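What follows is a set of notes on a single structure, which appears directly below.
Source: prediction; values computed, not measured.
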Amino acid sequence: MIRILPQRGKQINVLDFMKSSGDELHTFSKEGSIKADFLIEAITRWRASLTKPTVLVLDNARIHHSSALKACLDEWEAAGLYIFFPSCL
């Protein structure tokens, strides 16, 4: 009998942005935990690819309400990216 013991590997987190039409996906990955700086960088890079006003819906995860992310909202909105936090999530 051969026993294979579980091993902990590196944690890879993936953050995706998909157009509502489903025909375009932007993927960002990171080894380890996703923190506000990674989220801000990913949103900023994704925003640069947008060609028209866009709404990004974020759930109410703690990272989505960081002061660093909130500091970017005016800049993103001026560039046509509107962040929406639904109250029902």
Side-chain angles (χ1 to χ4, degrees):
M1 170 167 41
I2 298 174
R3 284 183 61 188
I4 299 175
L5 299 175
Q7 297 178 352
R8 287 190 59 103
K10 296 177 182 176
Q11 178 184 4
I12 303 291
N13 284 295
V14 178
L15 176 65
D16 297 313
F17 300 102
M18 182 186 298
K19 286 179 69 173
S20 60
S21 60
D23 64 349
E24 194 173 314
L25 180 69
H26 294 262
T27 301
F28 302 90
S29 61
K30 180 181 185 322
E31 187 177 310
S33 299
I34 291 180
K35 300 197 176 179
D37 59 339
F38 173 78
L39 180 61
I40 291 165
E41 179 184 345
I43 292 172
T44 300
R45 288 176 53 201
W46 173 67
R47 192 217 43 83
S49 72
L50 301 175
T51 58
K52 59 184 177 180
T54 302
V55 175
L56 174 62
V57 179
L58 297 176
D59 63 18
N60 286 302
R62 185 174 25 205
I63 191 173
H64 298 158
H65 292 281
S66 71
S67 58
L69 187 132
K70 287 180 180 179
C72 298
L73 295 178
D74 289 339
E75 176 186 338
W76 290 336
E77 189 170 314
L81 176 62
Y82 303 90
I83 308 296
F84 178 68
F85 299 97
S87 59
C88 63
L89 293 179

Exercise. Applying the 4.5 Å side-chain criterion to the ILVMFWY set and letting contacts propagate, would Met18 and Ile34 be lumped into a single cluster?
Worked result: no
For this session: Show your reasoning for whether side-chain contact (heavy atoms from CB on, under 4.5 Å) applies to Leu69 and Trp76.
Result: CA-CA 10 Å; Leu69 187 132; Trp76 290 336; 4.1 Å; yes
Exercise. After noting the C-alpha distance and the side-chain angles of Phe17 and Ile43, does the key distance pass the side-chain contact (heavy atoms from CB on, under 4.5 Å) rule?
Worked result: CA-CA 9 Å; Phe17 300 102; Ile43 292 172; 3.6 Å; yes
For this session: Quick one: closest heavy-atom pair of Lys70 and His65, and the distance?
Result: CE-O, 3.4 Å
For this session: Locate the shortest heavy-atom distance separating Pro53 from Tyr82; write the atom from each residue and the value.
Result: CB-CE1, 4.2 Å
Exercise. Do any pairs count as a side chain to side chain donor-acceptor pair (under 3.5 Å) and have a residue in residues 22-38, sequence neighbours left out, and if so which ones?
Worked result: Asp16-Thr27, Ser21-Asp23, Glu24-His26
Problem set entry | Qualifying side chain to side chain donor-acceptor pair (under 3.5 Å) pairs with a residue from residues 46-56, counting only residues at least two apart or across chains | none
Problem set entry | Qualifying residue, where the test is side-chain contact (heavy atoms from CB on, under 4.5 Å) with Pro86 and the options are Val57, Leu58, Asp59 | Val57
Seminar exercise, completed: In short, Ile63 meets Ala36 closest at the heavy-atom pair CD1-N, 3.4 Å
